[in-house]
Amino acid sequence: MVDMVIKNEAESRYEVHVDGKLAGFLEYRDVAGVLALVHTEVDDAYAGQGLGGQLAEFALDDVLARDVKISPLCPFVAKYIDKHPEYRVTIR
């Protein structure tokens, strides 16, 4: 079903594409070297199919590869990132 999940640096977001079309995204901001995940949105046609979780997993893989911390300000992705507290920090 999912064609790909990519990092779109120009838009500051991770994107999930299905059948070549944008199906959802996870916006992020760099706050003093911490990747803050600020907003998740999935097209209604794909609701409940786990795309938000795939975006969160992709974001975590990205920060692990770059050895930076992550702050899930978006409550939806926090439940995925909370499984890896060693990489999570809180931004106030």
Side-chain angles (χ1 to χ4, degrees):
M1 177 179 109
V2 174
D3 290 340
M4 69 177 88
V5 181
I6 63 167
K7 182 178 180 183
N8 181 339
E9 291 189 45
E11 297 289 330
S12 296
R13 65 188 189 183
Y14 300 99
E15 298 177 345
V16 60
H17 296 259
V18 176
D19 297 329
K21 298 177 184 174
L22 179 65
F25 59 87
L26 171 54
E27 292 180 345
Y28 64 84
R29 300 287 179 268
D30 188 317
V31 181
V34 174
L35 197 69
L37 305 176
V38 295
H39 177 71
T40 305
E41 192 169 314
V42 174
D43 189 292
D44 288 341
Y46 303 103
Q49 297 183 29
L51 298 185
Q54 290 181 39
L55 287 164
E57 296 278 331
F58 189 86
L60 183 59
D61 288 346
D62 183 46
V63 299
L64 293 177
R66 295 189 293 133
D67 195 28
V68 297
K69 298 287 186 178
I70 195 166
S71 182
L73 301 180
C74 173
F76 178 81
V77 297
K79 64 183 177 181
Y80 297 97
I81 306 304
D82 281 347
K83 296 176 185 174
H84 304 277
E86 66 273 23
Y87 298 101
R88 180 181 174 160
V89 295
T90 301
I91 297 176
R92 296 174 195 246

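One is the number of the first residue; the rest follow in order along the sequence. Heavy-atom basis, side chains included; hydrogens, waters and symmetry copies ignored.
Residues Gly52 and Val42 approach most closely at N-CG2, 4.0 Å, considering heavy atoms. Closest approach of Val18 to Ala23, counting heavy atoms only: CG2-CB, 3.8 Å. The two atoms that bring Ala36 and Val31 nearest to each other are CB-CG2, 4.0 Å, heavy atoms only. Taking all atoms of both residues into account, the shortest heavy-atom contact from Ala59 to Leu26 is CB-CD2, 4.1 Å.
Phe25 and Val63 are members of different hydrophobic clusters when ILVMFWY side chains are connected at heavy-atom separations under 4.5 Å. Ile6 and Leu64 are not part of a single hydrophobic cluster, where members link through side-chain heavy atoms under 4.5 Å apart.
One distance of note links CG of Leu35 with OG of Ser71; it measures 9.0 Å at 0.5 Å rounding. Here the CG atom belonging to Leu51 is positioned 14.0 Å from the CZ atom belonging to Phe58, to the nearest 0.5 angstrom. We find the CD1-CG distance between Ile70 and Leu37 to be 4.0 Å, quoted to the nearest 0.5 Å.
Residues meeting the side chain to side chain donor-acceptor pair (under 3.5 Å) test with Glu15, sequence neighbours left out: Asn8, Arg13, His17. Under the ring pair (Phe, Tyr, Trp, His ring centres under 6.0 Å) criterion, Tyr28 pairs with Tyr14, sequence neighbours left out. In this structure, the salt bridge (charged side-chain N to carboxylate O under 4.0 Å, His left out) partners of Asp62, at least two apart in sequence or on a different chain, are Lys7, Arg66.
Counting heavy atoms from C-beta outward, Asp30 and Val68 have side chains that stay 4.5 Å or more apart.
Listed by first then second residue, pairs satisfying side chain to side chain donor-acceptor pair (under 3.5 Å) with a partner in residues 33-44 read His39-Glu41, not counting sequence neighbours.
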